[in-house]
Amino acid sequence: MLYNSTQNAAEVVSSAQAISQGISKDGGLFVPQQSPVYNEDTFKSLLKSDYKGRAKKIFADFLTDFTAEEISDCVEKAYTKEKFGSENPAPIKTCKLDGAELNILELWHGPTCAFKDMALQILPHLLTKSLKKTYDGKTAVILVATSGDTGKAALEGFKDVDNTKIIVFYPVDGVSPMQKHQMNTQEGNNVKVCAIKGNFDDAQTGVKKIFTTSDVVEKLADNNMLFSSANSINWGRLLPQIVYYISAYCDMVNAGKISFGDKINVVVPTGNFGNILAAYYANQMGLPIKKFICASNSNNVLTDFIKTGVYDKNRHFYTTISPSMDILVSSNLERLLYKLSGDSDTATKEWMTQLKTEGRYEVSESVKSVINEKLYGGFCDDEQTKLTIKKLFDEDNYLCDTHTAVAVNVYEQYVKETGDNTPSVIASTASPYKFSRAVLQAVNPDAELPQTEFDTVDKLFEISGAEVPAPLAGLKNKTARFSDVTEVDNMKNYVLGALEIK
Ligand SMILES: *Cc1c(COP(=O)(O)O)cnc(C)c1O
């Protein structure tokens, strides 16, 4: 299987190259040239398998330049019971809301308590093997722009991994106190964390720019280094996410919730469009998905896009209680548009260029009509998010985080509007304890808010009885290692400084 750039179909690479490089030289994203398509027999064999077995099969079909042993090694090291708390790293919990049954796919049982672990626990293994195949002996410099969760998950995945260095940028006022504390206390000899005076989009644009600035790239090359990415622009981030949708479907069949072949809906709290895009790839492989329900917070650029076909980032940027979705430029939409335009690199390039220069583009009628048929977009604000957390908690004693609540809220809107009762899987993307303050305010609006983050965690535990994940509880007495803050314009110099390159 080969991969090409969304903005230049003639730029063709192996999967190892796509993963090492992260992003194409032309600024496009790498996409598989065709998806494997699974027939009934393949799905039936996956039904009998466990999570790791399913992962190995799917990885093998996309990473054809890896040996079976290499893939097995990556999967076995990543999805351990020790790291994810059980043999199934992505369990489905059922809870009741207004009498209906919700299937909540909990993706946050990994070491940093957000769904990013599902990909970032395996990416370092995939990347080290990819580097060996493509740039043996070089050090990969992982630049990360984070809205909170990617940063910590990437740091945890890459800490002390040979031949890698990692630098994380986060928006100074754009992450939760727990997220900030998680990052600033990170251990490891190859890690660096820095806040920027801007929002996530500034961080992401800054990182993308450094990646493609030739004098910086040359300086790295002179020092035997190369840039790579742990953001979801890297194919190695998306592939692991396909696995849990297919695995969740198998688990639903095995649990008797659906029959083999039945369609499901998937509901995804969306920021950079990576998670929901993975569901789309699963669908391309034959997984029966009826609707992709794309849930946003007040930064509802995707809701508008799905309704109108016009993507317009020229709008107010809201800082919300679901900060990992505070994004106006959803990078991975580019991959969907490439597919929906019939693999047109020229159309994709034109839209992405318009987005860069005017902050706006409008897709063709044919793309609009597919989007209309397959996707549903909705959003809710902070108030509605909190009400949804409270409702789930009051009705079924289920405590969810702010991002998951946005998804549940939009799912309710969808059912109300369409009457569609197709069994649905709702992606739950973070532990509620990463956003304790907002969740506490939601479940108990009259509670007095404690002064410190960990007192808030304790209080939330007292009220809810929901278990505090050990990796978060363990941070209580840790002191911060990092406190750097820099201007957006200075990110390039910060990187060179951190790498001790002149
Ligand atoms: C990253 C993140 C999202 C958004 O996922 P995308 O793949 O960027 O759409 C949603 N919720 C949480 C908790 C996240 O960390």
Side-chain angles (χ1 to χ4, degrees), residues 29 104-120 123 144-156 168 170-171 174-176 178-179 182-183 200-201 203-204 229-242 244-245 266-281 292-297 299-303 305-306 320-336 375 377 379-380 385 389 400-410 426-436 438-439 469 472:
L29 308 184
I104 311 259
L105 177 61
E106 290 184 348
L107 299 170
W108 43 265
H109 292 285
T112 77
C113 308
F115 89 97
K116 306 291 199 295
D117 289 326
M118 297 301 299
L120 281 161
L123 180 67
V144 181
T146 184
S147 55
D149 289 329
T150 295
K152 177 61 183 180
L155 289 161
E156 198 56 36
V168 170
Y170 71 87
V175 301
S176 82
M178 183 65 91
Q179 289 176 317
Q182 278 186 301
M183 289 189 278
F200 170 73
D201 290 317
Q204 178 161 256
S229 167
N231 279 97
S232 53
I233 53 175
N234 192 322
W235 176 250
R237 267 285 298 277
L238 281 183
L239 176 57
Q241 298 182 225
I242 298 174
Y244 53 70
Y245 288 107
V266 296
V267 190
V268 187
T270 297
N272 223 358
F273 210 77
N275 201 0
I276 196 166
L277 183 75
Y280 175 80
Y281 279 116
F292 301 89
I293 299 169
C294 175
S296 302
N297 62 25
N299 296 296
N300 57 358
V301 60
L302 286 167
T303 313
F305 172 68
I306 291 166
T320 73
I321 57 171
S322 44
S324 300
M325 294 153 68
D326 290 348
I327 291 176
L328 293 179
V329 181
S330 298
S331 294
N332 273 298
L333 189 60
E334 177 171 345
R335 286 186 162 111
L336 181 72
L375 278 84
F379 77 101
C380 74
T385 306
I389 293 173
C400 78
D401 91 294
T402 47
H403 304 76
T404 307
V406 169
V408 172
N409 184 291
V410 170
I426 299 175
S428 174
T429 48
S431 158
Y433 287 103
K434 288 195 95 165
F435 308 94
S436 296
V439 175
L472 297 183

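One-based numbering, in listed order, for ligands and for the atoms of each.
Under the side chain to side chain donor-acceptor pair (under 3.5 Å) criterion, R335 pairs with N332, sequence neighbours left out. Not a single ring-ring contact (aromatic ring centres under 6.0 Å, His included) links Y170 to another residue, sequence neighbours left out. Not counting sequence neighbours, T303 has no partner by the side chain to side chain donor-acceptor pair (under 3.5 Å) test.
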Name each N or O atom in ligand 1 that is under 3.5 Å from a protein N or O, and give the partner atom and the distance.
residue, atom, partner, partner atom, Å
ligand 1, 7 (O), G274, N, 3.3
ligand 1, 7 (O), N275, N, 2.9
ligand 1, 8 (O), N272, N, 2.7
ligand 1, 9 (O), G271, N, 2.7
ligand 1, 9 (O), N272, N, 3.2
ligand 1, 9 (O), F273, N, 3.1
ligand 1, 11 (N), T429, OG1, 2.9
ligand 1, 15 (O), K116, NZ, 2.6
ligand 1, 15 (O), D149, OD2, 2.5

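Put simply, the residue from I233, L29, L277, V329 that forms a side chain to side chain contact (heavy atoms under 4.5 Å, CB included) with E334 is L29.
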Show your reasoning for whether ring-ring contact (aromatic ring centres under 6.0 Å, His included) applies to Y281 and W235. CA-CA 12 Å; Y281 279 116; W235 176 250; 5.3 Å; yes
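For the residue pair T112/Q182, the side-chain donor-acceptor check at 3.5 Å is not satisfied.
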